[in-house]
A.B. asks: 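Got a structure for you, written out below as structure tokens; questions coming shortly.
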Amino acid sequence: MSGEEEENAIGDVALILEHKYEQLQQMSDDPTNQISQYLCVLGNLCPETVDEGIAMVPSIKNIGRALDEEAIEKMLTDLSLIKKFE
């Protein structure tokens, strides 16, 4: 690979990484994505009640649009259904 080809390849990689970085920044600001992150955390911790889930992950009440206890209960119900099939 010549020096010029190498520089072009490095430039292409830099553009790809910059684009990916911008995508990740946008995703981190998206409340929908934040909810999935909380669902993942709750899935790892396996709380059995809403109060237990909030005690383990207090910030769950502070995301973009605060989750009410019904939404958290639905997450826990969905997770328990998934666990039954494992």
Side-chain angles (χ1 to χ4, degrees):
M1 184 181 287
S2 72
E4 186 176 324
E5 289 174 329
E6 194 172 308
E7 285 180 30
N8 288 338
I10 291 172
D12 289 345
V13 170
L15 287 174
I16 292 169
L17 290 174
E18 185 177 325
H19 179 70
K20 187 65 178 172
Y21 176 74
E22 289 170 5
Q23 284 179 323
L24 290 172
Q25 280 186 315
Q26 289 172 354
M27 285 176 59
S28 69
D29 294 336
D30 181 7
T32 308
N33 188 46
Q34 292 174 349
I35 289 171
S36 7
Q37 291 173 358
Y38 283 106
L39 216 169
C40 182
V41 169
L42 290 175
N44 287 331
L45 296 174
C46 301
E48 293 184 13
T49 66
V50 172
D51 291 336
E52 195 175 298
I54 292 171
M56 291 178 175
V57 188
S59 61
I60 198 167
K61 298 293 274 181
N62 301 325
I63 62 173
R65 59 180 180 92
L67 290 177
D68 58 12
E69 290 190 10
E70 251 180 62
I72 297 169
E73 181 67 40
K74 179 165 179 7
M75 278 189 221
L76 295 178
T77 302
D78 291 347
L79 288 169
S80 70
L81 288 173
I82 293 168
K83 284 187 237 175
K84 286 181 184 178
F85 292 104
E86 289 183 338

A.B. asks: Which heavy-atom pair separates M56 from P47 by the least distance, and what is that distance?
C.D. replies: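 Smallest interatomic distance, heavy atoms only, reads SD-CB, 3.9 Å.
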A.B. asks: Let me know which of V57, T77, T49, I54 forms a side chain to side chain contact (heavy atoms under 4.5 Å, CB included) with I72.
C.D. replies: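 With I72 as partner, side chain to side chain contact (heavy atoms under 4.5 Å, CB included) holds for just one option, I54.
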A.B. asks: Rounded to the nearest 0.5 Å, how far does CG of L42 lie from CG of D78?
C.D. replies: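 Rounded to the nearest 0.5 Å, the CG-CG separation comes to 11.5 Å.
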A.B. asks: State the CG-CG distance between L81 and L76, to the nearest 0.5 angstrom.
C.D. replies: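 Result: 11.0 Å between the selected atoms.
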A.B. asks: Kindly compute the distance separating CD (E18) from CG (L15), expressed to the nearest 0.5 Å.
C.D. replies: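 The distance works out to 6.5 Å.
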A.B. asks: Between the main-chain N or O of E69 and the side-chain N or O of E73, is there a donor-acceptor pair closer than 3.5 Å?
C.D. replies: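 No: the side chain of E73 does not pair with the backbone of E69.
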A.B. asks: How long is the gap from CE on M75 to SG on C40, to the nearest 0.5 Å?
C.D. replies: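 Going from the CE atom of M75 to the SG atom of C40 covers 11.5 Å.
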A.B. asks: If you round to the nearest 0.5 Å, how far is CG of D12 from CD of E7?
C.D. replies: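 Interatomic distance, E7 CD to D12 CG, rounded to 0.5 Å: 12.0 Å.
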